[in-house]
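Below: one structure, written as structure tokens.
Naming convention: chains lettered A, B, ... in sequence-line order (proteins, then strands); numbering from 1 in each chain.
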Amino acid sequence: MSITEQELRSLGVPEGEPLQQAVALVRAWEAAGKDPEQMRSDIKAVLADPEPFRGDPELGRLARALSATPTIPLPNSAGAPWRQWGQKLDAEAVQQMERACRLPIALAGALMPDAHVGYGLPIGGVLATDNAVIPFGVGVDIACRMKLSVLDIPVHDLERRKDRLIRAIEAETRFGVGATFQHRRDHPVMDEDWSVSPVTRQYKDRAWAQLGTSGSGNHFVEFGILTLHEPLRGLPPGQYVALLSHSGSRGTGAAVCDYYSRLAQSRHPKLPRELKHLAWLDLDTAEGQEYWAAMELMGKYAAANHACIHKHIAQNLGVPVLLELENHHNFAWKERHRIGGREREVIVHRKGATPAGPGVLGIIPGSMASPAFIVRGKGNPASLHSAAHGAGRVMSRTAAMKRFSWKEVQRYLKERGITLISAGLDEVPMVYKDIHEVMAAQADLVEIVAQFDPRLVKMAPHGERPED
DNA sequence: ATGTAC
């Protein structure tokens with residue numbers, strides 16, 4: 001047969017009825033002496049859009065079989081190249097990465113050593129695509145990010161003025177699902193154009209009410225000791241008090257993700273169920289541009305949330321800020337990478353991955369009882385200039401709630417000198433991988449510049465509704 | 001992660 005069954009598969013003809021019809025079609029065409037190149041282009045045309053061919057005397061059967069079969073449109077037969085860092089990664093997360101790399105828009109991928117299962121792309125997944133953006137390749141919490149401020153406070157004040165520092169956290173941010181400020185914060189981000197998308201327009205008011213809040217889940221605000229191993233932006237090596245926060249774009253970012261992922265799914269109705277969260281928007285379309293603009297606004301908004309938290313805590317304490325560092329870890333960027341032997345512009349999705357281009361500084365947190373690290377990217381091309389964004393969970397939230405008790409956790413924290421202001425049992429240190437192992441697994445991606453050891457930690461109390 | 005609604 002001039003076109004083999006295997007080639008039909010690699011062209012993207014799905015198993016089952018469509019493949020049988022395609023094989024029969026090729027046999028009939030061969031008998032009629034049709035040019036194989038013409039066969040290929042006809043089959044590709046039907047695969048791209050079967051609907052117009054449903055009544056075609058030759059191609060109709062294949063077109064109808066395709067219409068009836070959920071399929072990955074134009075799958076990348078071999079899959080885009082990708083590799084993983086770390087050994088014992090969750091098998092389901094690996095499978096999600098494998099699937100994402102078979103999307104027709106996928107160019108290259110990478111899986112970070114803290115990977116675990118997410119919607120569509122795994123958490124810890126990095127995916128470079130061709131002029132398309134996947135809302136769930138960025139994640140629900142668009143622009144979830146880290147910020148660290150070194151404060152001009154003597155290190156011994158961390159213990160001596162502990163209650164004062166705790167009060168500052170309690171006063172200057174809010175935790176919990178739906179948390180808002182009764183007396184709104186203000187920030188120049190609210191002067192941006194919020195009409196770039198119907199979602200951001202509709203949610204502007206709520207976004208304002210949530211400005212400076214922290215949310216729930218794994219989000220936190222904490223004081224700790226920063227140990228600088230080398231000079232950093234004019235700050236000499238030594239020990240400092242620092243404030244570290246982790247949070248994102250709150251309800252508004254989630255609404256943006258939800259709206260544009262549904263829109264993307266409606267544009268790819270034939271994506272099989274297990275791929276529906278990988279639905280993408282073409283950046284040449286108005287919808288794609290709209291998501292991109294909304295995503296970028298959420299980037300600024302999430303940065304403003306951290307800026308408010310840090311500014312107000314520093315003001316509350318009346319202390320100068322000596323150094324600030326920050327990075328997104330749920331976002332998409334237009335970057336240039338060498339893929340398939342040539343440098344080109346691609347869309348790099350980092351969903352729970354820290355940008356780690358050459359010399360780029362980032363923050364990788366561990367858990368409430370293990371260190372965060374300030375890192376400098378090594379610009380490894382195979383990771384698409386990325387690194388892990390944390391330790392990664394080893395246990396589901398429900399499993400953690402059953403497994404642990406506060407009594408044992410409090411003893412564990414006391415032994416390590418950690419004061420926990422509040423948190424859910426599903427965020428205790430034992431639910432995370434050993435951050436040191438994660439760092440060791442990515443020694444070729446980042447170098448460690450400094451270590452931050454948490455001392456006073458605030459997270460959302462489990463199940464509690466915010467009171468303000 | 002969010003907070004509404006198969």
**Request:** Check whether more than 12 heavy atoms from other residues, nucleotides or ligands sit under 6.0 Å from atom CD of A:Glu51, and answer yes or no.
**Result:**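 Count over threshold, so yes.
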Between [atom2] on [N] and [atom1] on [X], what's the gap in Å once rounded to a whole number?
X: A:Arg174; N: B:dA1; atom1: CZ; atom2: C1'; value: 20 Å
X: A:Met459; N: B:dT2; atom1: CE; atom2: P; value: 11 Å
X: A:Asn330; N: B:dA1; atom1: CG; atom2: C1'; value: 9 Å
X: A:Tyr259; N: B:dA1; atom1: OH; atom2: C1'; value: 21 Å
X: A:Asp258; N: B:dC6; atom1: CG; atom2: P; value: 10 Å
X: A:Tyr260; N: B:dT2; atom1: OH; atom2: C1'; value: 18 Å
X: A:Arg262; N: B:dA5; atom1: CZ; atom2: C1'; value: 10 Å
X: A:Asp141; N: B:dT2; atom1: CG; atom2: C1'; value: 9 Å

**Asked** Between residues 192-210 of chain A and DNA chain B, which residues have a heavy-atom gap below 4.0 Å?
**Response**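 Listed by number, they are A:Arg206, A:Gln210.
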Tell me if the aromatic rings of [X] and [Y] count as close, with their centers under 6.0 Å from one another.
X: A:His389; Y: A:His328; result: no
X: A:His246; Y: A:His306; result: no
X: A:Tyr412; Y: A:Trp406; result: no

**Message:** Among residues at least two apart in sequence or on other chains, which ones pass salt bridge (charged side-chain N to carboxylate O under 4.0 Å, His left out) with A:Glu287?
**Reply:**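 If we apply the salt bridge (charged side-chain N to carboxylate O under 4.0 Å, His left out) test to A:Glu287, skipping adjacent residues, the hits are A:Arg267.
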**Asked** Hey, are A:Asn327 and A:Arg350 close enough side-chain-wise for a donor-acceptor pair under 3.5 Å?
**Response**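 No - no donor-acceptor pair under 3.5 Å links their side chains.
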**Item:** Residues forming a ring-ring contact (aromatic ring centres under 6.0 Å, His included) with A:Phe404, sequence neighbours excluded
**Value:**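 Partners of A:Phe404 by the ring-ring contact (aromatic ring centres under 6.0 Å, His included) criterion come out as none, since no residue qualifies.
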**Request:** Verify the contact: side-chain N or O of A:Arg250 to OP1 or OP2 of B:dT2, cut-off strictly under 4.0 Å; return yes or no.
**Result:**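 For B:dT2, OP1 or OP2 has a side-chain N or O of A:Arg250 closer than 4.0 Å.
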**Prompt:** Think A:Ser249 has a side-chain N or O under 4.0 angstrom from the OP1 or OP2 of B:dA1?
**Reply:**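 Answer is no, no contact under 4.0 Å.
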**Request:** Tell me what A:Asn218 touches on the nucleic acid: a base, only sugar-phosphate, or nothing, going by heavy atoms under 4.0 Å.
**Result:**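 Touches sugar-phosphate only.
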